[in-house]
Amino acid sequence: MTTDIVLRDADPVLVDRIRRVADARGWTLPRAMQYLLEQGLHMFEGDGSVRFDNSEADVLQAAIAALEQVPDDPGYAAIGRAPRGGGS
């Protein structure tokens with residue numbers, strides 16, 4: 001079954017955001033609308049957790065791995081890290 005998605009009287013900022021998602025992913029506008037509607041329903045009906053597709057998960061994992069390689073120092077690299085040795 002195919003259903004056309006029609007968006008009438010939408011806020012131009014919302015339409016621009018949808019168009020940017022479509023452009024960034026190489027999707028048609030209807031494909032982007034379908035995806036965003038599905039994801040919104042998952043978030044609304046589900047537990048609120050974010051789910052990544054495989055390519056997004058791979059990129060996130062690579063970024064985390066790169067951040068874990070930042071050497072320890074008393075400044076920037078210590079942000080968000082628990083003190084070592086049980087310090088308080």
Side-chain angles (χ1 to χ4, degrees):
M1 179 171 121
T2 304
T3 302
D4 292 329
I5 299 173
V6 178
L7 190 60
R8 291 193 180 115
D9 302 320
D11 182 327
V13 174
L14 176 63
V15 174
D16 185 56
R17 290 174 63 196
I18 296 168
R19 186 169 282 116
R20 282 186 278 140
V21 168
D23 291 345
R25 303 268 179 135
W27 294 340
T28 63
L29 202 51
R31 171 67 182 108
M33 292 280 297
Q34 179 182 357
Y35 177 83
L36 294 168
L37 182 59
E38 288 170 353
Q39 293 305 307
L41 285 171
H42 286 299
M43 290 296 294
F44 186 77
E45 293 174 336
D47 60 4
S49 63
V50 176
R51 290 170 184 81
F52 297 106
D53 67 28
N54 288 342
S55 64
E56 292 169 326
D58 292 344
V59 169
L60 180 58
Q61 187 59 44
I64 291 170
L67 289 171
E68 290 173 342
Q69 299 305 312
V70 174
D72 287 335
D73 68 33
Y76 174 76
I79 295 173
R81 292 188 180 186
R84 292 193 176 175
S88 47

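Below, each value reflects all heavy atoms present in this structure, side chains not excepted, and no hydrogens, waters or symmetry copies.
The existence of a salt bridge linking Asp16 and Arg20 is confirmed by a sub-4.0 Å separation between a basic side-chain nitrogen and an acidic carboxylate oxygen.
Residues Leu36 and Leu14 share a single hydrophobic cluster, defined by chaining ILVMFWY side chains whose heavy atoms lie under 4.5 Å apart. Note on Val6 and Leu29: separate hydrophobic clusters, where clusters join Ile, Leu, Val, Met, Phe, Trp and Tyr whose side-chain heavy atoms are under 4.5 Å apart, directly or indirectly.
Here the shortest heavy-atom pairing between Ala10 and Val15 reads CB-CG2, 3.6 Å.
Within 6.0 Å of CZ on Arg17 lie no more than 12 heavy atoms contributed by other residues, nucleotides or ligands. Asn54 CG: 12 or fewer foreign heavy atoms inside a 6.0 Å radius.
We find the CG-CG distance between Leu7 and Asp9 to be 9.0 Å, quoted to the nearest 0.5 Å.
Side-chain contact check for Asp53 versus Glu56: some heavy-atom pair is nearer than 4.5 Å.
No side-chain donor-acceptor contact under 3.5 Å links Gln34 to the backbone of Arg31.
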